[in-house]
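Below you'll find the structure, written out as structure tokens, and then a few comments.
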Amino acid sequence: MDLKAGLWQQQSLKLAMTQELTQAIALLQYSAQELSSFLENKALENPLLQVDNNNIQPINPLIDRNRRKHTRNTENEWIEQIAAKSSSIEDQLLNQLNLHKYSSIQLKIIKYLIQNLDVNGYLIPSPEEIADKLGVQLELVEESIIVIQALEPVGIGAKNLQECLLIQIERENLKDDIALSILTHYFVPFAEKKWKLIAKELNIPLQKVQEVFDTIQKLNPRPGALLEQESASYIVPDAIVERAGDQFSVRLCDDIIPKISFNDQYYQKFSAEKDSQVGRFLQEKFQDYQWIQRSIEQRKETLTRVTRKIVEKQTLFFQKGSEYLVPMTMKEIASELDIHESTVSRAVKDKYIQTPVGTFSLKSFFTSTIQTVSNENTSSSQVKNAIADMIEKENKQSPLSDQDIVERLKSTQGIVVSRRTIAKYRDQLGIQSSSKRKRFD
């Protein structure tokens with residue numbers, strides 16, 4: 001083996017991850033709102049880059065986007081119709097009390113209790129922990145908890161789900177001794193649907209346990225959710241699909257993206273300077289402006305091509321509805337557009353498309369392929385719809401098992417899936433197993 005040192009020449013191709021390339025990749029991933037923020041920040045760094053916001057049009061949600069007509073007197077009033085943010089959770093609960101009835105110490109405890117409710121409305125610390133934390137008597141804490149539990153919504157201030165349901169049954173005056181007994185002594189077996197054991201020990205028919213279950217289903221396990229302070233969020237689409245007969249057209253929604261222009265006056269003023277540092281600065285910022293301009297155009301072209309290809313391959317979806325979503329992968333789109341799969345992934349990331357049938361995430365159009373007995377394939381979305389429809393129409397006294405669904409899908413629709421896949425899709429749809437769907441009417 002020759003191990004002598006020496007010099008050799010060798011040619012090779014490498015893709016250098018320059019700062020410009022890194023930023024171009026990031027720019028493609030930006031949604032319209034993120035791109036707008038990026039340009040605003042860049043304008044602060046680069047004096048040669050001017051941002052013009054005059055083209056930005058506010059989106060009026062009361063406009064019928066198909067007819068483009070305004071309802072009477074709503075052009076300037078729509079924003080006023082959005083409900084103002086309501087008062088805080090603490091205020092909502094305290095407003096139900098006559099605060100003059102309570103001593104300063106008890107009022108302090110009540111406020112502390114409210115501040116320690118979780119999102120479900122349950123009390124997080126134990127009464128003992130609260131008494132120790134505030135340095136007050138345990139009896140006073142327990143009295144304050146009773147005060148909280150007497151407020152609306154019913155069930156607020158409970159220690160857990162079991163107590164929350166018991167409070168609601170007692171407050172609603174259901175006067176169902178069997179329901180109270182089941183929740184008090186058989187809560188876990190009841191939740192696990194071990195109803196035969198409960199019926200045997202209480203000496204009642206299974207139908208009675210079913211009635212208790214139906215009653216409890218009407219209660220609210222998360223009373224705190226009624227007090228949540230979530231402000232409304234709006235989705236601004238990055239692309240819009242419009243229909244004319246059987247044809248669909250795609251246009252990017254650039255209404256919220258500001259236009260950029262070159263500050264030639266600033267450039268001419270300082271380019272006359274003979275300072276080399278000023279010259280290098282201007283050259284650097286000029287190149288930065290050119291790169292941003294090219295990257296925006298490239299982003300627009302890539303997003304338009306990808307969106308058009310999605311619409312082309314999912315025409316039935318836009319014509320007939322979500323049940324006609326066909327299998328489609330990012331690799332498939334990338335191959336047809338002659339771009340890399342990662343480019344497609346970045347182009348659809350966190351972006352939405354407005355269509356005649358609703359607004360959807362671009363990622364939602366990509367579904368895995370499911371084998372069928374025929375030469376045609378189906379999508380995972382179609383299989384989920386078929387499973388949901390099957391379970392909705394099943395006999396609840398004898399619900400379909402996952403294996404039953406496997407066999408029915410194959411015999412009636414020619415879809416070949418495993419029992420494990422059915423269980424996974426059922427879980428994603430929030431549908432319980434057959435044993436927990438069974439009714440005893």
Side-chain angles (χ1 to χ4, degrees), residues 15-61 78-79 82 85 229-240 250-273 275-307 339-340 342-354 359-363:
L15 178 62
M17 185 62 77
T18 63
Q19 182 180 359
E20 289 78 8
L21 180 57
T22 302
Q23 289 179 326
I25 290 173
L27 209 64
L28 180 59
Q29 295 181 116
Y30 289 160
S31 65
Q33 291 171 302
E34 291 171 333
L35 179 58
S36 179
S37 299
F38 170 80
L39 293 177
E40 294 285 355
N41 291 331
K42 271 295 180 181
L44 298 176
E45 301 175 9
N46 190 344
L48 299 182
L49 189 153
Q50 287 183 312
V51 174
D52 182 9
N53 293 299
N54 293 330
N55 66 296
I56 297 179
Q57 299 294 324
I59 296 177
N60 187 335
W78 69 269
I79 198 166
I82 300 175
K85 192 173 182 180
Q229 298 297 301
E230 291 188 6
S231 56
S233 59
Y234 298 92
I235 292 175
V236 178
D238 297 271
I240 297 175
V250 175
R251 65 180 177 87
L252 294 191
C253 185
D254 293 330
D255 294 344
I256 67 167
I257 300 178
K259 301 296 183 185
I260 64 170
S261 59
F262 183 69
N263 190 343
D264 189 63
Q265 182 180 1
Y266 184 96
Y267 183 76
Q268 294 298 334
K269 178 180 179 180
F270 288 96
S271 60
E273 297 283 341
D275 190 325
S276 60
Q277 289 186 345
V278 173
R280 284 196 300 270
F281 175 80
L282 289 176
Q283 184 62 25
E284 178 186 331
K285 296 306 177 184
F286 177 65
Q287 291 176 349
D288 187 47
Y289 166 78
Q290 288 183 314
W291 164 78
I292 292 175
Q293 194 175 43
R294 287 195 302 268
S295 297
I296 290 175
E297 289 302 317
Q298 185 177 356
R299 172 189 179 275
K300 184 176 181 178
E301 179 187 353
T302 303
L303 185 54
T304 302
R305 291 179 66 202
V306 170
T307 306
I339 56 179
H340 198 274
S342 63
T343 301
V344 177
S345 176
R346 293 186 180 102
V348 302
K349 181 179 181 291
D350 296 331
K351 297 182 182 67
Y352 292 84
I353 182 171
Q354 179 182 298
T359 300
F360 305 91
S361 163
L362 279 175
K363 270 193 173 182

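For clarity, every value in this text was computed on a predicted model and none was experimentally measured.
- One distance of note links NZ of Lys259 with CG of Asp52; it measures 9.5 Å at 0.5 Å rounding.
- Annotation: the span from Arg251 atom CZ to Gln354 atom CD amounts to 8.0 Å, rounded to 0.5 Å.
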Give the intermediate values and the outcome of side chain to side chain contact (heavy atoms under 4.5 Å, CB included) for residues Thr307 and Ile353. CA-CA 8 Å; Thr307 306; Ile353 182 171; 3.6 Å; yes
Under the side chain to side chain contact (heavy atoms under 4.5 Å, CB included) criterion, do Ile292 and Leu39 qualify, and how do the steps go? CA-CA 9 Å; Ile292 292 175; Leu39 293 177; 3.8 Å; yes
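- The side chain to side chain donor-acceptor pair (under 3.5 Å) search around Gln290 returns none, not counting sequence neighbours.
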Hey, mind stepping through Leu362 and Leu303 against side chain to side chain contact (heavy atoms under 4.5 Å, CB included) and telling me if it holds? CA-CA 10 Å; Leu362 279 175; Leu303 185 54; 4.1 Å; yes
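- Rounding to the nearest 0.5 angstrom, the gap separating the CG atom in Leu28 from the OG atom in Ser295 is 9.5 Å.
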Yes or no on side chain to side chain contact (heavy atoms under 4.5 Å, CB included) for Asp238 and Gln33, after CA distance, side-chain angles and deciding distance? CA-CA 9 Å; Asp238 297 271; Gln33 291 171 302; over 6 Å; no
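- Around CD of Gln298, the count of heavy atoms belonging to other residues, nucleotides or ligands within 6.0 Å does not exceed 12.
- The distance from atom CG of Asn263 to atom OH of Tyr289, rounded to the nearest 0.5 Å, is 10.0 Å.
- Summarising the local packing, CD of Gln265 is surrounded by 12 or fewer heavy atoms from other residues, nucleotides or ligands at distances under 6.0 Å.
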Which atom pairs, one a donor and one an acceptor, fall under 3.5 Å between side chains of residues 276-288 and the rest of the protein, sequence neighbours left out?
from: Asp288; atom 1: OD2; to: Asn46; atom 2: ND2; distance (Å): 3.4

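- Here Phe38 contributes atom CZ and Ile296 contributes atom CD1; the two are 8.0 Å apart, rounded to the nearest 0.5 Å.
- Scored by the side-chain contact (heavy atoms from CB on, under 4.5 Å) test, Glu301 finds Arg305 as partners (sequence neighbours excluded).
- Between atom CG of residue Leu35 and atom CD of residue Gln29 there is a gap of 12.5 Å, rounded to the nearest 0.5 Å.
- The side chain to side chain donor-acceptor pair (under 3.5 Å) pairs that include a residue from residues 343-352 are Ser342-Arg346, where partners are two or more places apart or lie in different chains.
- Under the salt bridge (charged side-chain N to carboxylate O under 4.0 Å, His left out) criterion, Glu297 pairs with no residue, sequence neighbours left out.
- Taking both residues in full, the closest heavy atoms of Ala32 and Ile257 are given as O-CG1, 3.9 Å, listed atom of the first, atom of the second, then distance.
- Under the rule for a side chain to side chain donor-acceptor pair (under 3.5 Å), Tyr30 has no partner lying at least two apart in sequence or in another chain.
- In this structure the side chain of Ser31 reaches within 4.5 angstrom of the side chain of Glu34, judged on heavy atoms.
- Closest approach of Cys253 and Pro237 over heavy atoms only: CB-O, 3.3 Å.
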